[in-house]
Amino acid sequence: MAESKALTTRTADFSAWYNEVIARAELADYSPVRGCMVIRPNGYAIWEQMQQALDRMFKDTGHQNAYFPLFIPQSFLSREAEHVEGFAPETAVVTIAGGKELEEPLVVRPTSETIIYSMYAKWIQSYRDLPLLINQWANVVRWELRTRLFLRTTEFLWQEGHTAHASEAEAEAETRQMLGVYRRFAEEWMAMPVITGRKTDSEKFAGALRTYAIEALMQDNKSLQAGTSHNLGQNFARAFEVTYQTSEGSIDFVWNTSWGVSTRLIGGLIMTHSDDSGLVCPPKLAQWQVVIVPIFRTDEERGSVLDAAERLLRELRAAGVRTHLDAREGMKPGAKYYEWEARGVPLRLEIGPRDVAAESAMLARRVGARKESVPMAGLASRIQSEMEAMQIALLEAARERRERASLRGATRAEFIARMEGEGGFVYAGFCGAPTCEAEIKEQTKATIRVLPDEEFRSPKQPTTCMWCGAPSTAEAVWARAY
RNA sequence: CGGGGUGUGGCGCAGUCCGGUAGCGCGCCUGCUUUGGGAGCAGGAGGUCCCGGGUUCGAAUCCCGGCGCCCCGACCA
């Protein structure tokens, strides 16, 4: 019985496990359209929590939200050479509308640089109009060949920030600032440790000068690009003639940045923390942080237990804890435990006649220590501190796991062995040659995730390229990736 | 698009080799008994067996032709 209801384990088949976690937690479902995903209420609730936190961070750094159209004239995409080359193969195009063939086909946005900068050209006249700091929450469509729930779907939800600045230095500062925001969000909200750094040219955004990213290591030791921040230089400004008059009276092109994170983060969340019992969700992003399960036999017990449970529910909610009372009839407590564990609820409070009599409740944590009886008095603050501790513990556990799976200063042979074996991050010297990078990818399926920022670099910097032996121009972090 | 697999109640599968009018587990509905880690019993609902054609008295099963989906690769947040 238990076996038939258990999930496939992570070690048995990570990818099957991932799909089962999503199904069991009712986060998402497959749609009638290949590659598209229905985000179910439990999954969307996590996205809403993510949105709220990120939106606050964007506003706190001076950005405003706006909304740009879904349809983009096809010609817009072609204005920036690298951009069209990068995105044209994966666009969905509307050629017929209202029963008539359109004069110019409309692309369903794969990203909004082109339409946004065409508008910026109208809105920006003077240096006084800069910086222009806008974000939009939207859906985008990329016709990918292979899709996976949350990680790569044909349509996905994201936010894309698009800014315009008066100088390259200012644009670079903005690019780095938003990478920092993403890093903070990943670590403080998702409890997902990331390394930050710059992408090589082969991995950078189509049309960007430089791309920076946050990269996280999943439990199967594959890397996930969790967010990107691009310094677009003046590439799009030139393509869309976004110019401004400087204080000296001359005309110059603006400097742009764009940055985004998507519903892919939910995939990262799942693969960072969850276990063979199902989803593990950090308290800060959980739809329900606490679920109360009442236990009773007789009608009399039912009355007093539900009474106590409802009082507790009100108290916790008043304290700002997202609490749910599971008063469903005809379902045994054990069945409820399994269900809420699969859904990733961080804390569970069980209240039965014994607890009511003792004015206490049984506290069960989704991860770590077992159940424990806690007094009703002061329970709200106890719950708060439990959640804070869990938030930190999850981040620490994930960081330790990542560090155990990281190898620094690898030789070529060690590198190959790692990539064919356990995987993980490998830090090593890189000559900077695209040919070397391509050869490594072809032979090992590993890519350079980032050229890490100072803080993440090894104490002892490599002097030669791990692959070809030529002098190293930068330390790189390699991994197989999603 | 190449390689592999697979289409049968909501989900997961058996049955296909060797044709005889569809079954199991889970889920769902009703009732009673249950409820401190996935409840038991009784009754019940639910299927054009992916589609089209052929062979046959008779096709989930055999033959021919389509289509869908999944996994591995090429593309990618």
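Per chain, numbering begins at 1; letters A, B, ... match sequence-line order. Computed from a predicted model, the values in this text were never measured in an experiment.
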Student: Do A:Arg449 and A:Thr447 have side-chain atoms, one donor and one acceptor, less than 3.5 Å apart?
Tutor: yes

Student: Does the aromatic ring of A:Tyr338 sit over the six-membered base ring of B:G38, closer than 5.5 Å centre to centre and tilted less than 30°?
Tutor: yes

Student: Give a yes or no on whether a salt bridge exists between A:Glu160 and A:Arg109, defined as a side-chain N under 4.0 angstrom from a carboxylate O.
Tutor: no

Student: Assign each of A:Trp143 and A:Glu350 to its nearest nucleotide of RNA chain B by heavy atoms, then name whichever residue's nucleotide is nearer the 5' end.
Tutor: A:Glu350

Student: Answer yes if the side chains of A:Gln287 and A:Tyr44 hold a donor-acceptor pair under 3.5 Å, and no otherwise.
Tutor: no

Student: Looking only at the aromatic ring of each residue, does the gap between the centers of A:Trp47 and A:Phe150 stay below 6.0 angstrom?
Tutor: no

Student: Runs of at least three consecutive Watson-Crick or G-U pairs, both distances under 3.5 Å, are what I'm after; which ones involve RNA chain B?
Tutor: B:1-7 with B:67-73, B:10-13 with B:23-26, B:28-33 with B:39-44, B:50-54 with B:62-66

Student: Using the closest heavy atom to pick a nucleotide of RNA chain B for each, name whichever of A:Glu339 or A:Thr153 lands nearer the 5' end.
Tutor: A:Glu339

Student: Between B:U48 and B:A22, how far is it from one C1' atom to the other, in whole Å?
Tutor: 14 Å

Student: Once the angle between the rings of A:His324 and A:Trp340 is folded into 0 to 90°, is it parallel (under 30°), tilted (30 to 60°) or perpendicular (over 60°)?
Tutor: tilted

Student: If we count only N and O atoms by modelled type, under 3.5 Å, do the side chains of A:Gln177 and A:Thr61 hold a donor and an acceptor together?
Tutor: no

Student: Between the side chains of A:Arg348 and A:Glu341, is the shortest nitrogen-to-carboxylate-oxygen separation below 4.0 Å, so that they form an ion pair?
Tutor: yes

Student: Return the polar atom pairs (N/O with N/O) between nucleotides 31-35 of chain B and the protein under 3.5 Å, or none.
Tutor:
residue : atom : partner  : partner atom : Å
B:U35   : OP1  : A:Arg297 : NH1          : 2.8
B:U35   : O2'  : A:Phe296 : O            : 3.4

Student: With no hydrogens and no angle check, do the side chains of A:Glu422 and A:Asn221 hold a donor and an acceptor under 3.5 Å apart?
Tutor: no

Student: Treating primed atoms plus P, OP1 and OP2 as sugar-phosphate and everything else as base, which nucleotides of nucleotides 4-13 of chain B get B, S or - for protein heavy atoms under 4.0 Å?
Tutor: ----------

